[in-house]
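All remarks here apply to the structure that follows.
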Amino acid sequence: MKGTALSPDSVVLSPEEAAQLSDRVYQVRCAAEDVATAVDEGAEPTELRELCDALIRAAKAADGWR
């Protein structure tokens, strides 16, 4: 049986790892949408700062897969 030829710079994720990464990317998207909604609704700076902090945490978690 022949294996699949992969490029040397390929990244292979297990189904579980791919699902976890997908979940983290979804969390980033949701956090960004929360910030955009708050801006559209005229949120106070304190609320925007909290939402931005949540977005940063989500982005750092998504970036941590490497």
Side-chain angles (χ1 to χ4, degrees):
M1 180 198 283
K2 290 186 178 182
T4 302
L6 295 175
S7 169
D9 61 348
S10 295
V11 176
V12 179
L13 300 174
S14 71
E16 181 179 320
E17 291 168 325
Q20 289 173 355
L21 179 57
S22 178
D23 288 346
R24 290 191 300 266
V25 170
Y26 176 75
Q27 290 171 359
V28 171
R29 190 189 92 206
C30 289
E33 289 173 350
D34 289 346
V35 171
T37 298
V39 168
D40 289 345
E41 294 177 353
E44 296 294 322
T46 303
E47 181 183 359
L48 290 173
R49 178 75 251 171
E50 291 171 4
L51 291 170
C52 286
D53 290 345
L55 175 57
I56 291 167
R57 284 191 303 274
K60 285 181 179 179
D63 189 42
W65 71 275
R66 293 188 267 161

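Heavy atoms only: backbone and side chains are in, while hydrogens, waters and symmetry mates are out.
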*Report yes or no: do Tyr26 and Leu13 belong to one cluster of Ile/Leu/Val/Met/Phe/Trp/Tyr joined by side chain heavy-atom distances under 4.5 Å?*
no
*asked:* On a heavy-atom basis, which atom in Leu48 and which in Ala38 lie closest, and how many Å separate them?
replied: CD2-CB, 3.7 Å
*asked:* What's the separation between atom CG in Leu51 and atom CD1 in Ile56, rounded to the nearest 0.5 Å?
replied: 11.0 Å
*What is the distance from atom CG of Asp34 to atom CD of Glu47, rounded to the nearest 0.5 Å?*
9.5 Å
*asked:* To the closest 0.5 Å, what do you measure between CD (Gln20) and OG (Ser14)?
replied: 7.0 Å
*Enter the distance from Gln27:CD to Leu55:CG here, rounded to the nearest 0.5 Å.*
11.5 Å
*For the side chain of Ser22 and the backbone of Ala18, is there at least one donor-acceptor N/O pair under 3.5 Å apart?*
no
*Is a salt bridge present between Asp53 and Arg57, judged by a nitrogen-to-oxygen distance below 4.0 Å?*
no
*Out of curiosity, does Val11 fall in the hydrophobic cluster containing Leu21 (side-chain heavy atoms, cut-off under 4.5 Å, transitive links)?*
yes
